[in-house]
Amino acid sequence: MRIEFEVNNRPVVLDTEPDRRLLDVLRDDLGLLSVKEGCSEGECGACTVILNGRAVLSCLTMVGQVQGGRILTSEGLVKDGELHPIQKAFVEAGAVQCGFCTPGFVMSSYALLQRNPNPDEDAIKQALSGNICRCTGYAQLIEAVQAAAKANNE
Amino acid sequence: MAIVGTSVHRNDAWAKARGAAKFTGDIRLPGMVEVAVVRSPHARARILEIDTSRASQINGVLGVFTARDIPGKNLVPLVFQDMPALAMDEVRYHGEAVALVVGDTREAAWAGARAVDVKYRVMDAILDPIKALDKDADKLHGNDNVFRRWTVKKGNVDKALQNAHLVVKGTYHTPYQEHLYLEPQSMVAWWSDEGYIEVHGSMQCPFYVRDAVAAVLGLDLSSVHVIQATTGGGFGGKEDVPSTIAAHAALASFLTGRPARLVLSRDEDILVTSKRHPAVIEYESGFDEQGRLLGVKARYVMDAGAYATLSPIVLWRGTMHAAGPYRVEHVDIEALAVATNKVPCGAYRGFGEPQIHFAFESQMDIAADKLGIDPIEMRLKNALEPGDTTATGQVLKKDVGLVQALNAVREASSWDSRFETPGRKQGTVRRGLGVSAVYYGVGLGAAGQALDRAGAFVQVMYDGSAVFAVGTVEMGQGMVSQLSQVIAQELGVSIERVRALPPDTNLLPDSGPTVASRTTVMSGNAVLNACARIKQQLLEATAGILNEPVDALTIEPGRVTGKNGAATLDEVLHRCFLERRDLASTGWFKSPETTWDEKKGQGSPYMTFAWAANVVEVEVDTETGVVTPIEIWAAHDVGKAINPAQVRGQIIGGSLQGLGYGLMEEIIHKDGLMQNNRLSQYIVPTIGDAPKINAIIIETGFEHGPYGAKGFGEQPLIGIAPALANAVYNATGKRVKTLPITPERLFAALHDDKTVD
């Protein structure tokens, strides 16, 4: 089946089975390896990408569902080699340890700040509650999102 | 300006934040095939027949391999030589590997694995470690099912308990804990007909992986080239387990001639990889009227699972710490690691300590309550201090920060004004405070002394950039960044221009495992050793430029200064180039001597200890049994914080894992079969479960540590569950002696009107 969509502001046309996981298409067909597979059942959030402005789990999304959609991955946030303010905030807040969960958290944070540029702590917790990090204890992730929000608003 | 001691950003964080770090699953090689593992559906069974014919005919399946196809030894070597890479005649736990299926794609490999017909005769499984100790129990190991037994003996404990004013007795049960590193176990192996194999993967111990691959393929160690890939968390779970994963990937590659990848699915990873040992601990402590600890008697039984793996040394560490961080003259500890037909347990952050800390810190709390002494006062009365002797007979030096840690959490939590006598609170929702004291022996200690060594390689380029490599690994804990700080500090190079190369078993000496909170001390010292030689070269070259003696010169960021002038690092490096100076060096460090006399049950097992105190505040809903953690204060003596932000990261992250252990994490078996090996059913703390965690850093130095640093990465996990249980007691007057403190368990305690054992 012919599937057309946009990934990181570039058009993509694929001839593929519509029931393949978006995760596999992004990683294996398009080489977008920031999208990680942590649990394969929608519990860990490591495969989070943005679809039409909303954070979705690419392990639970079939590629047929993204026909005509706009997808953003962590790679797409980098502009001219410069990290996105959210990615930078993650580095500066010490929110990155092993790094496997990081792209998923970055995308969930991105979706949050798109719809709510001034989230309070509860809103941040709500938005990141579908992502698991086993290293940091989460405090630095909250600090990173707060710092990114502040940088955005300045 | 000092670089060591400041919170510079991790230099690996930039690539990780944009998603560019290459983990094992991101490796793409031409012709790469995928491996799936056929696993036992039984806890214990005889293998009667493995029929691979149906699987072999599946489209895309390239080969199906069993134990009979192994060219070398069918062995994953570790402490004992008891665990096969693939089961031969008998499977001994649910999920044990029986055969490998190699496919063009993951789907083909899995379809093949499902089509392998294994005929089993199910046997009676041994599931309870206490029953396994019965004389007439079926034997899985030796003549008593005990993999290892350790003791600590001092004084006359029976007499001490007889004469004690108060004797507290308790039996404690602790659960399995799954590491749940976010990146599942994964390996890529690439056999070359030139006669060597290259292995890239997620691991803590490249040299263990090398040994295992060499064993199964029958190769020289030098023909196995192991290179660690970016590793997405370990926490002990990638200490010994990657040896098995690598053995499987290596067999698949060797037997098909293609690069082979094995990535475990999450449910497979939870099912078959090591866990924290469940334990049953019987504990007796005797006190005088003032609350001084007179004697300790304990029996610590660990459920080790089907093979010994790391259990003998996990047990050793637990035994060494079993009397608590207290002065006590009379001690009798017996500890046993017992074989059962369950997943082999192994290393998990804390390594045998969290279980026993839960027991003795609950005991301490019970005694404080009975004697009417404030729980922090109670610990301060007994806390080990500089110059004291531990229960094993180790004389402590100056770097003992337990009293400072206890005082720090006391003050930070406003303990004195907020702590109320337990059991007097009213109302449906009640708050409580609990405390714990913790210690952690740094490094492998006497039981692993031969491995307690580390190597490094450092090279400064003539443009002022530098590279380094060490034999221990970065797995998220921050090693690369801290060692880069050491190099920048010592050699004046810019930290942004220090690059880490991955550990490589052919180019670096066997540096032992990346475990036991040993990396900062061991690799830090090895890097310092390498830097010292390069530094000498830089200083000699500068002496020629400035016309000053070497001992008048100081290396600073970007320059070398003397009494009368300074040379830029560029000038110095140019001079080094012209003078043909060697700016590459290896470095080496071995830990100071430690001792353990097994017959006497005494010795000085560790080069030093880290120390900690925790206060946990909870809110308990007495109608539902739900415990909500409100805030944690955690003070840790780390010797010296090379990077305070990273130390804080270890404290907060480790504390939350400890909270998961105390509150929610549990593996459930039914008839020996694991029931909840999925992330939707094995519950770990999310951001919504995380309370505010206040990290407090205490620095008492360490004579053998780089800049005085100790190792401590495991310590933050250890004391949270006991402080939590003590806080629950403080809030409710109910003592829970079984972890985790789930709503069901606490509800039963609250409504049965008796203590839960």
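Chain naming here is simple, since letters A, B, ... match the order of the sequence lines and numbering starts at 1 in each. Computed from a predicted structure; not experimentally measured.
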Partners of B/N677 by side-chain contact (heavy atoms from CB on, under 4.5 Å), sequence neighbours excluded?
B/D267, B/I270, B/L271, B/M674
Can you tell which part of A/Q126 gets under 4.5 Å to a heavy atom of chain B, answering side chain, backbone, both or neither?
neither
Between B/R28, B/M475, B/Q477, which residue shows the highest count of heavy-atom pairs closer than 4.5 Å to chain A?
B/R28
B/P184 to A/G38 - nearest heavy-atom pair and separation:
CG-O, 4.0 Å
Over 12 non-hydrogen atoms of neighbours within 6.0 angstrom of CD in B/Q681
yes
Check the surroundings of atom CG in A/N153: do more than 12 heavy atoms from other residues, nucleotides or ligands lie under 6.0 Å from it?
yes
In Å, rounded to the nearest 0.5 Å, how long is the span from CD1 of B/I687 to CD of A/E121?
8.0 Å
On a heavy-atom basis, the closest approach of B/P685 and A/Y138 is O-OH, 2.8 Å
Against chain B, label A/D122 side chain, backbone, both or neither, depending on which of its atoms sit under 4.5 Å from a heavy atom there.
neither
Residue from A/C101, A/C98, A/G130, A/S34 scoring the most non-hydrogen pairs under 4.5 Å with chain B is A/C98
Contact origin within A/I86 toward chain B - heavy atom pairs under 4.5 Å
neither
Around atom CD of A/E17, are there more than 12 heavy atoms of other residues, nucleotides or ligands at under 6.0 Å?
no
Using non-hydrogen atoms only, which part of B/I693 is less than 4.5 Å away from chain A: side chain, backbone, both, or neither?
neither
When rounded to the nearest 0.5 Å, the distance separating CD of B/E107 from CG of A/D24 is 7.0 Å
Contacting moiety of A/L83, where chain B heavy atoms sit under 4.5 Å:
side chain
Over all heavy atoms of both residues, which pair between A/P103 and B/G19 is shortest? Give the atoms and the distance, please.
CG-CA, 3.9 Å
NZ of A/K88: more than 12 outside heavy atoms within 6.0 angstrom?
no
Main chain of B/H179, side chain of A/R134: is a donor-acceptor contact present, judged purely on distance under 3.5 Å?
yes
Quick one: what part of A/E92 sits under 4.5 Å from any heavy atom of chain B, side chain, backbone, both or neither?
both
Evaluate the criterion side-chain contact (heavy atoms from CB on, under 4.5 Å) for residue pair B/L182 and A/I132; output intermediate values, then yes/no.
CA-CA 8 Å; B/L182 259 285; A/I132 289 175; 3.9 Å; yes
Per-residue tally against chain B (heavy atom, under 4.5 Å) across A/T102, A/V91, A/V96 peaks at A/V91
Part of A/K36 within contact of chain B (heavy atom distance under 4.5 Å):
side chain
If you compare all heavy atoms of A/C135 against all heavy atoms of B/F235, which two are closest, and at what distance to 0.1 Å?
SG-CZ, 3.7 Å
Distance col, row B/R10:CZ vs A/Q97:CD, nearest 0.5 angstrom, shows 6.0 Å
May I ask you to name which of B/L656, B/L679, B/V263, B/D269 has the most heavy-atom pairs under 4.5 Å with chain A?
B/L679
What's the spacing between B/K16 NZ and A/Q87 CD if we round to 0.5 Å?
15.0 Å
Which heavy-atom pair separates A/G99 from B/F23 by the least distance, and what is that distance?
C-CZ, 3.8 Å
Applying a strict 4.5 Å limit to non-hydrogen atoms, the region of B/T686 in contact with chain A is both
Using non-hydrogen atoms only, which part of B/A645 is less than 4.5 Å away from chain A: side chain, backbone, both, or neither?
neither
Heavy-atom pairs under 4.5 Å with chain A, option from B/R678, B/Q650, B/K22 with the top count:
B/R678
Under 4.5 Å from a heavy atom of chain B, the part of A/T136 involved
backbone
